[in-house]
Protein chains: 2
Amino acid sequence: MVGRSEDRYAAGVPPLPTDQSEQSDRPAPSAGRTARALARAELTRAILDSARHQLAEVGPAGLSLRAVARDLDMASSAVYRYFANRDTLLTALLVRTYDDLGAAAEEADAGPGVDPGTRLVAVGRAFRAWARAHPHEYALLYGSPVPGYVAPADTVAPATRITRVLLDIAASVPGAADRPADPAAHLDAVTAAAIAPVATLTDRPLAPESVARSLHAWATLVGAVSLELFGHLHRAVLDHDAHFEHVLRQVVTDLGA
Amino acid sequence: MVGRSEDRYAAGVPPLPTDQSEQSDRPAPSAGRTARALARAELTRAILDSARHQLAEVGPAGLSLRAVARDLDMASSAVYRYFANRDTLLTALLVRTYDDLGAAAEEADAGPGVDPGTRLVAVGRAFRAWARAHPHEYALLYGSPVPGYVAPADTVAPATRITRVLLDIAASVPGAADRPADPAAHLDAVTAAAIAPVATLTDRPLAPESVARSLHAWATLVGAVSLELFGHLHRAVLDHDAHFEHVLRQVVTDLGA
DNA sequence: CCTCGCGCAAGAGCAGTGCTCTCGTCGTGG
DNA sequence: CCACGACGAGAGCACTGCTCTTGCGCGAGG
């Protein structure tokens with residue numbers, strides 16, 4: 001009578017195929033260990049998908065391993081065969097989400113040959129559109145860090161995809177590789193050194209001044225979207241579309257594009 | 001034998017005064033209802049203080065009513081006599097924190113009569129300094145919203161204190177009340193209308209173009225601090241002080257100050 | 001062809017959470 | 001002086017992440 005809540009969901013319910021129709025014969029006794037490995041990969045993916053859906057609904061803090069297990073009609077303990085802890089699952093989710101956003105940004109970028117300002121506007125819009133379409137995912141990426149969780153190195157590469165897009169655009173601005181003509185615009189050595197590693201994200205030559213402009217643009221975009229999505233402009237700004245378009249125009253001007 | 005974890009902390013432990021020495025005679029039978037009300041106010045404050053400390057240590061998501069109760073040597077259920085919900089406690093914390101930050105910003109602002117650029121730099125530095133000194137509180141204010149929690153109207157006024165400081169500074173820029181001389185810099189009607197309510201935060205006259213500049217500056221500051229504090233520039237930027245100073249310079253330029 | 005072993009899922013259980021309800025106490029106002 | 005109301009404590013519910021043990025089923029080795 002104890003622990004009834006555990007199997008309540010498996011009571012009179014038929015197997016309920018997760019997405020594909022084959023599930024009761026999932027271990028498919030066809031090619032031995034290969035099939036097992038396949039099944040494992042599939043279930044891993046199914047868990048990730050379910051977690052993704054749950055994340056989109058209740059946010060990172062409400063992500064529950066047990067709910068994922070219920071969703072997939074398995075015991076909560078079985079999930080741990082695939083993800084050692086909640087953090088591991090979170091990392092996989094993080095990588096997937098960064099990649100998702102990075103892909104959206106890359107797709108929105110028209111690429112070299114197009115006016116940098118136009119490119120930046122397109123990517124900025126795509127960034128905001130993605131964030132608005134996936135607010136909880138955005139919060140996962142750019143909101144408060146999960147307490148006690150430190151993102152492993154695996155997440156760095158996907159996380160920098162969108163930054164790289166911005167840097168590429170900045171690099172396509174004429175003269176981005178050279179120091180600005182105006183000596184007053186020169187960066188001091190300390191600041192230049194501080195942001196130097198950022199330039200390695202792109203292959204194209206980029207003067208520190210341009211790197212700084214990119215970071216400035218990036219910070220503004222993140223700030224604007226965060227303020228909007230996290231409700232800080234909720235009562236103050238009426239038309240967020242119009243406001244963001246204006247921010248974009250300013251960002252383009254700042255980038256010198 | 002069940003529920004032992006509840007009273008474990010009150011076992012052989014002496015009353016342990018919270019901070020002041022008087023505690024066992026807290027109800028102080030002196031002036032009737034006044035004393036009771038006083039004691040109640042004191043305990044409410046003590047709970048808030050404890051929650052504040054816990055917040056600073058484990059972050060908003062890890063804030064636990066039971067831990068607060070343990071800290072104050074009372075039963076967890078007793079806390080509910082003072083705060084109906086975790087959300088109620090969160091709201092009180094939010095108001096207190098917004099006020100804390102707002103006060104820091106106001107204190108950093110040299111006020112009218114000083115060059116707007118200098119004021120903006122000072123407030124920007126104060127904002128970042130406060131955020132770095134209270135990272136979890138910053139996350140509470142400007143990080144992911146707590147799922148299921150919607151900030152009540154009480155939090156709006158404290159939340160806008162720092163915005164008001166920025167608007168005041170923008171209003172002190174010469175010509176901030178007038179439309180810019182350059183017609184190309186004129187805001188279109190839609191954008192102007194979108195941000196119009198923001199201008200009501202300050203008493204000083206402010207052209208929509210200046211309001212937009214303020215919002216732009218605010219977004220950049222929040223973005224820069226969020227990126228730094230939430231670890232997104234962790235591996236990319238070496239000297240965050242230098243980088244932020246550069247951002248500040250750009251923000252000042254953008255404000256036209 | 002049978003049996004062993006390994007991978008896996010399931011269940012129970014632990015410690016913790018927010019929150020509710022009940023009960024005993026204690027001080028105060030009628 | 002007594003009843004009422006505020007209050008603290010404790011038990012309990014439903015939930016969480018995570019661990020440990022048990023048992024099942026499949027493929028491979030003898």
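Being a predicted model, the structure only gives us computed values, none of them experimental. All chains are named by letter (A, B, ...) in the order of the sequence lines, taking the proteins before the strands, and each is independently numbered beginning at 1.
Dashed line: the shortest gap from a side-chain N or O of A/Ser76 to OP1 or OP2 of D/dC18 is not under 4.0 Å. Dashed line: the shortest gap from a side-chain N or O of A/Arg70 to OP1 or OP2 of D/dC15 is not under 4.0 Å. Contact annotation: B/Tyr80 side-chain N/O to D/dC7 OP1/OP2 distance is not under 4.0 Å. Here B/Arg40 reaches the OP1 or OP2 of D/dC7: one of its side-chain N or O atoms lies under 4.0 Å away.
With contacts defined as side-chain heavy-atom distances shorter than 4.5 Å, the pair A/Arg164/A/Glu106 does not qualify.
Contact of A/Arg66 with D/dG17 (side chain to base): a donor-acceptor pair of N or O atoms is detected under 3.5 Å. Taking 3.5 Å as the limit, the base of C/dG11 and the side chain of A/Ser77 contain a donor-acceptor pair of atoms between them. Counting distance only, with no hydrogens placed and no angle test, the side-chain atoms of B/Arg81 and the base atoms of D/dG8 include a donor-acceptor pair under 3.5 Å.
When the C1' atom of C/dC19 is taken as reference, atom CG of B/Leu90 falls 16 Å away, rounded to whole Å. Summarising the geometry, the separation between OH on A/Tyr82 and C1' on C/dC8 is reported as 7 Å, rounded to the nearest angstrom. Atom OH of A/Tyr149 and atom C1' of D/dG17 are 16 Å apart (whole Å). Following rounding to the nearest Å, A/Arg86 (CZ) and D/dT16 (C1') show an atom-to-atom distance of 9 Å. Rounded to an integer number of Å, the gap from A/Glu42 CD to C/dA9 P is 13 Å. With rounding to whole Å, B/Phe83 atom CZ is found 13 Å from C/dC19 atom P. With rounding to whole Å, A/Leu72 atom CG is found 16 Å from C/dC8 atom P.
Salt-bridge check for B/Asp241 with B/Arg128: passed, with a basic side-chain N closer than 4.0 Å to an acidic carboxylate O.
Residue contacts for A/Leu63: at a heavy-atom cut-off of 4.0 Å it reaches the sugar-phosphate backbone alone, with no base atom in range.
Map B/Ala78 and A/Leu65 each onto its nearest nucleotide of DNA chain D; the residue landing nearer the 5' end is B/Ala78.
In this structure, the side chain of A/Thr155 engages the main chain of A/Pro152 through a donor-acceptor pair within 3.5 Å.
A cation-pi arrangement is not found for A/Arg125 relative to A/Phe244, the charged atom failing to lie both closer than 6.0 Å to the ring centre and inside a 45° cone about the ring normal.
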Item to check | Intermediate values then yes/no, ring-ring contact (aromatic ring centres under 6.0 Å, His included), B/Trp218 and B/Tyr142 | outcome: CA-CA 12 Å; B/Trp218 180 223; B/Tyr142 298 105; 5.6 Å; yes

